Amino acid sequence: MLRLRAFRPTNDKIVKIELHPTHPWLVTADASDHVSVWNWEHRQVIYELKAGGVDERRLVGAKLEKLAEGESEPKGKPIEAMRGGSVKQVNFYDDDVRFWQLWRNRSAAAEAPSAVNQFASPFNSPPPSTKGRHFLVICCENKAIFLDLVTMRGRDVPKQELDNKSLLCMEFLSRSVGGDGPLVAFGGSDGVIRVLSMITWKLVRRYTGGHKGSISCLMTFMASSGEALLVSGASDGLLVLWSADHSQDSRELVPKLSLKAHDGGVIAVELSRVVAGAPQLITIGADKTLAIWDTISFKELRRIKPVPKLACHSVASWCHPRAPNLNILTCVKDSHIWAIEHPTYSALTRPLCELSSLIPPQVLAPSKKLRDRIGTYVLGSVDEVISSLAVYVYCMVAHPLQPHLVATGTNIGIIVCEFDSRSLPAIAPLPTPSGSREHSAVYVVEKELKLLNFQLSNTANPSLGNNSSISETGRFKGDSFEPLPVKQVKKHISTPVPHDSYSVLSVSSSGKYLSIVWPDIPYFSIYKVSDWSIVDSGSARLLAWDSCFDRFAILESTLPPRIPIIPKGGSSRKAKEAAAAAAQAAAAASSAAAAASVQVRILLDDGTSNILMRSIGGRSEPVIGLHGGALLGVAYRTSRRINPVAATAISTIQSMPLSGFGGGGLSSFSTFDDGFSSHKSPGDAAAQNFQLYSWETFQPVGGLLPQPEWTAWDQTVEYCAFAYQQYIVISSLRPQFRYLGDVAIPCATSAVWHRRQLFVATPTTIECVFVDAGVAPIDIETRKMKEQMKQKEAQARAIAEHGDLALITVDGPQSLTQERISLRPPMLQVVRLASFQHAPSIPPYLTLPKQSKVDGDDSAIPNPLEDRKVNEIAVGGGGVSVAVTRFPTEQKRPVGPLVVVGVRDGVLWLIDRYMCAHALSLSHPGIRCRCLAAYGDAVSAVKWASRLGREHHDDLAQFMLGMGYATEALHLPGISKRLEFDLAMQSNDLKRALQCLLTMSNSRGIGQDTPGLNMTDILSLTAKKENVVEAVEGIVKFAKEFLDLIDAADATAQGEIAREALKRLAAAGSVKGALQGHELRGLSLRLANHGELTRLNGLVNNLISVGLGREAAFSAAVLGDNALMEKAWQDTGMLAEAVLHAHAHGRPTMKNLVQAWNKMLQKEVDHTPSTKTDAASAFLASLEEPKLTSLGDAGKKPPIEIFPPGMTSLSMSISAQKKPAPANQSSQQQQGKQLLLEATPATTTPVSVPLQSDSTPGSAPPQSESTEASVSAALQSESTPAPTSTPLQSESSEPVPDNRAPGASSVSDPDSVLSEATVPETSTINSTLAEAPPQAPEILETSIPTTLPMSDPLA
C-alpha cells in the first residue's frame, strides 16, 4: 500500500511546497529562501533561484534583455536588484491550474442536494488565459516574482505598486468580464487584499474592512448556490468571506461575513468535498486545533486537536479508496503524516505513515547532514545513525488530481509518497437490461449498500452506429471540452454490510450475484442481486470470478490477530511498544496467510453455494493473489532476495494500523517499488510465480508467468490482457493461446474489454487499445481442420441415413473457385481518449501575434479575434459536417481513481471515487469508425467515414485492413490509389487492382497492339508521344505490383487480368534499362506461361538490341529457340557463353564462334592500355625483362589459342601465309611448358588434346606477326565422319621439325582443308603442367566445363 515514490535530499529544511496538477513538477522554498522547481517523475531540477535575496543570474538577464530591446541604462535601481525578503508562498499558474481550480470548486458545490438546479448544465472549459505559458509565482515579503518557465523571462512586482505593504499570501481569481484577467489576490500585512492584473500589471481592486491583523491565507471556493467566494484567514483569528464574482466593477469591496475561527490566528484553510453534501471548510490555527465549517450556514461542525501539544502547519482534504474513512490529512512538526477518520463525528487521528522508515539509507547517504552525523560515529553502523536522526515535517500537500500522491517538505529533503495507486473505488457496475437506457452500479459507503442509476440526460441517444450524437449546430460533442450531461440518482438498499473498511466489489459473469471482500478483516459476502439476500459468506481475503459461469475461487484463511492501533504521539514510548506489538501481529498474520488455500465454489440456479474443489494446486508457497477470468490465475510468494530498500518498506507496511484502512502486511497490494526501477539490475526481474488453472479440471495450464497486477478477459473468450508496471501484454486465446504484443501503458489500474477494444484507465489518462489477432498459419490450419471435420460429420450423417448409397458421387459441372487466404500480422493501436492536461496551445513566442502596448509596457492585451481556435468542423459536400481532425481533442479525465464501466449508449462510462458517473464521448468520426469496425460493424464504419475528412481516410483504411476488413475499406471515398490497390489485392478484387495500377502508371493506352519501344524510338518521340514516355516510366515504377497482380490472377484463374497486365509490362520491358534483370526474367516466364510467344519474341529482339544478353538468352531459352539463344549471346558480345552453348548443343556455327572469340581475346591483349611510369621504374623493369637478340625472336611468342576441353580437333587447318621459318625454331620453348602436337595426317579427322591452362590472355605481350587465333574446337565431327582416332604425342618435350614459320598459328578454313588433304600440326602452350614423357591416350568426346582453359604465350 505504501511506498516511496521520490526523494530529494536538501541541506536546509523545506518550509513551502506546492504540486502542479498535470505536470510532474514540484516547487519548494527552503528556510534560506531558495526556490527550486523539481521534476519528481524524472528527478531533475528544472529551475533554481535565490528569491529572498538578489539573484545575480536574473539581474544580468534582465539587463541583457533591456539592452537587446534598445533601452539605455536605467537611471534607478532595477526591480530585480531589490531583495525579495522572506518567501511566503510559491505556486504554479497556467491554464491547467486555472481549469482544475474551477473544476474543484464547482464539483464540490454540485454535491449538495440543493445544487441540482444550479449545476444541471455541464462544466464549460474557461477560455485560455496564459497562452501556453507556465508561470511560477513566488510571493515574497517585498515583491512578487512571476517567472515564465517556457521563455524563462520574469516579471517582478514590488510592494510599492501594491500600496507599499508586505505581501504574505496569494490566491488566483477567476477572470473578470472587464478584460483584466487573469487576476491574483495578495494578502497584505495591513489586513487588506489587493488584486493585481497579470495583463496590465496594475492594481485593479482592493478588499478592505475585514481584518485588523496581517492576512495569512487565501482561498477561493464556490457555494452550493453557485456564487464564487473568497475566504481569508488572518492573525486576528478571523475567517472572512468575500464575493469573488467581480460582476460589478468596484474598486473597493467589503466582506460578506466574518467568523471567529481560532485564537492566536488562522494558519491555513482548505476546501473539503463531501459526498452528497455541501462542501466544507477546514481551518487550522495557532491554538493547535482543527475546525470544520459548513458552507451553507457557516457554522462550526467540529473542532478537534489532531496531535496534542503540537500545532498543525499543513492540512489537506483527502479521499482515497484504500482508506475510505479517512478524509483529512494534516502534519505537525514530527515524522508522521496524520489522518483523521470520520472527522464529523468520531474524529480519530491516526498516523498514516512514519516518514523516517520510508527513506532507505542508500538514498540518504549523499545528504550533508547525514555525512556529518555519520562522521561522529566510528563504531556505529549507518543504520543506527539513520534511525537516530529524526525527520521533521514542515509542510505537506496532497496532489489535487492524484490523491495517492502526497508530498512533504522535511528537514532532510523532499519526500513524495504513494499510497496504493492500484486500489479502486468500492463500486461494481451491473449489466444493463436489453432495451433500457438506464444503467446501474452498486457501491458501498461506510456500512451501507447503495445503488447508483445513471444515464445520459439528453433526449438523443447516441447508440452505437447511428448519427444522433451530432448536435444541431453541426459540431461533434467529442470535439469540445464540455462533458456529456449525465443524469444520476443514488438509492439506498435496505441490506446492510457488516464492515466499513476497505472493500473490493465484483459481479459474476451472469450479473446475478455481487461479491464484496474486505481483505483487511478478512471476510467476504455473496449477494443475490434480485433481492439482495446473502447466499454465501465466510473468511476470505481474495476472491475471483469465472468469466463464463457463476463460480468463484476464494483464498480461505483463519482470522489473524488484530493489530493494535498506534496511539497519538507516535514518538512516545507507548507508540514504540504499540509498533512492536503490531510487528508481532503482522508476523502471526503472515503465518496464518501461509496456511491459506484456494477453494472453488459454484452458485447454482436455486441460489445455493457448493464447493467444487477444496484446494487448487499442490504448491507449498503461500498464495498472494487471485485473478479471475476464463482461466483462474494464482500468484504465489516466492523466496527471493529482498534488497534493503524493500525490507525497510515492508517493515513499515507491516507496522501500519489495521483499523480504518487495513494493514499492508495482509493486503494483496503490498508490492514495493522504490521509485528507481529504471536502474534495476537484470537479476531483480519479475519472478515467475503466476500459474493459470482450468476451472473445469483444476489442473495447471501452461508454465509459470510473472505475476500481473491485474488481468482482463474478453467476454467472448477471444482476448486477454495482463497488466504489468510499465506495459500491458495482450494475447489471443483462439484457436490457441498466442502472444500478440504489448502496449506501453504504464501504471494501468483497470481495464474493460468491449469486443476488440480494451479501455484502460491509468492514474492520469484514459486509453483505448484496438486489438486484432490477424491471421496466423495456425488459423489457416485450424480452419482446414474444421472444414474436414464438417465434411466427415456430414458424410457420417449421410451414411447413417442412406447407407452405402451415400458414398456414390456423381461428377457434374463444378465451378472452380480458389480463395487466397493471406497472412495478416496482429494489430495493436492505442488512442488516448482523456487526460488531465489542457488542450495544447502554442506559446506566444512561436506564433508572435500582433499585440497592442498598454502604457508603454512590454505586455499586451490579446486580440479576441486571434484567440479564436481553428474550427474542428468543416462543411463537406451536401452540407454534411465533416471533422477535419484525425482524432478528437483529449477530453478531461475525471479526478482520482476510476472504475471503467464500459461502452453503453455509444459512450464510455466511468465512475469516480465520489460515486459519480462520467461519460466520455466516442462520437468523433475518427473514434466512432474505429469502434464500429472493432465491434464488427464495418458497413456502419464506412458510412460514418463520410463525416471524417477525406485526408484521414487512408489512415482509417489502414486500420480497417488491420482489422480484416479490406473489402469494406475499398468503399471509403477518400483513399489513395496506392492504398486502394493494396486493399483490392487483399480482398481479391483483382479487376479493381488492375484499374488502380493503370491509373497510377498512366498506361491505359500502352501495350495494346503496338510492339515494344527500343532506345531509338524513345529518343525520336515527338511531343505527341510524351504520354508514352510517362506511361513507360509509370509501368517501371510499379513493376513489382504488376508482377504481383499477374501472380494473383494466375492463382485465381483470372487469365484476362493477367494478360492485360502482361501487355503493359512487356511494353515497358522492351525499353533499355527500364526493368531490372530479375524483373525481366519474371516477365519472360510469365509471357511464356500465358503463351504470349509473339510478345516474348519481340522482347528477346529488343533485349538483344539494348545489350541485355543474359536476359535475352533466358527469354530465348523459355521459347526453346537455340538459334535465337545463340544469337542473343553472340550479338551482345558474350562469345564465351555462345561457344559453350554451341558446343553443348552441337551447333554448326561452332568453328566461327571460336574464331571470333579468339580474335576478340587477341584484340583485347593487343590493346592493353599502358601505364605511366617514371624513368627509374622503366629502367629497372627493362633489366628484369628478357631482351630480344634479333627480330626473329618476336615470332617465338604464339598467339592466343583456347580449346574447349573434351572436344575433337579441327578436320583441317590452314597455315598462316607467312614465310617459312627453320624447323628448329619450333623447339625454342620455355622450360616447364607443355607442347601439344597433332599427329601425322594418317586419318581424315585427327584429334587434338585440350590444354588445362587457367592463365588469362591478358598477360601475354602483343603479337606482331600473328593476325588470327587458332581454333581448338572441332565442329566438323558433326558433318564429316571420323571412323578412327589416331593417338598423337600431346605432352612431348622434344622439338618437332616443321616447315612452317616458328610460332605461327594455323587458321581454320574448311576449303583449304579439303584442297590440301593434309593436316599441319598446331602447337599450344600449357603454362601450368610440367614436362612429361610422350603419351598417346585415346581421345574421347567430353562435356565442356563452365570455365574455359586458356594457354599462355611465351614471354
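Everything numeric in this text was worked out from a predicted model, so none of it was measured.
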Between Trp545 and Leu603, which heavy-atom pair has the shortest distance, and what is it? CH2-CD1, 3.7 Å

Val769 to Val743 - nearest heavy-atom pair and separation: CG1-CG1, 4.1 Å

Does Gln715 offer a backbone N or O that forms a donor-acceptor pair with the side chain of Trp753 under 3.5 Å? no

Return yes if a side-chain donor-acceptor contact under 3.5 Å exists between Ser597 and Gln599, otherwise no. no

Could you tell me whether the side chain of Ser508 and the main chain of Tyr513 form a donor-acceptor pair under 3.5 Å? yes

Do Thr22 and Gln837 pair up side chain to side chain, a donor and an acceptor below 3.5 Å, judged on atom types alone? no

For the residue pair Ser694 / Glu696, report whether a side-chain donor-acceptor contact shorter than 3.5 Å exists. no

Is it true that the side chains of Ser547 and Ser509 contain a donor and an acceptor less than 3.5 Å apart? no

Any non-hydrogen side-chain atom of Ile728 less than 4.5 Å from a side-chain atom of Trp710? yes

Would you find a donor on one side and an acceptor on the other, under 3.5 Å apart, between the side chain of Arg755 and the backbone of Tyr935? yes

Arg637/Glu621 salt bridge by N-O under 4.0 Å criterion: no

With Ser609, the side-chain contact (heavy atoms from CB on, under 4.5 Å) member among Asp536, Val535, Asp550: Asp536

Taking all non-hydrogen atoms of both residues, which atom of Val760 and which atom of Ala748 are closest, and how far apart? CG1-CB, 3.6 Å

Donor-acceptor under 3.5 Å (His320 side chain, Phe419 main chain): yes

So which of Trp518, Tyr443, Tyr523 actually passes side-chain contact (heavy atoms from CB on, under 4.5 Å) with Ser503? Trp518

Looking only at side chains, do Asn689 and Thr638 share a donor and an acceptor under 3.5 Å apart? no

One should read off an interatomic distance between Arg930 CZ and Met963 CE, to the nearest 0.5 angstrom, of 9.5 Å

Cationic N near anionic O, under 4.0 Å, Asp420 to Arg3: no

Value for CG (Leu740) from OH (Tyr719), rounded to nearest 0.5 Å, stands at 7.0 Å

Any donor and acceptor pair, going by atom type alone, linking the side chain of Gln402 with main-chain N or O of His404 inside 3.5 Å? no

Would you confirm whether Gln829, through its side chain, and Cys768, through its main-chain N or O, come within 3.5 Å as a donor-acceptor pair? no

Check this for me: does any side-chain nitrogen of one of Glu556 and Arg601 sit under 4.0 Å from a carboxylate oxygen of the other? yes

Could you tell me whether the side chain of Arg913 and the main chain of Cys319 form a donor-acceptor pair under 3.5 Å? yes

Expected output: side-chain Arg734 to main-chain Val717 donor-acceptor under 3.5 Å: yes

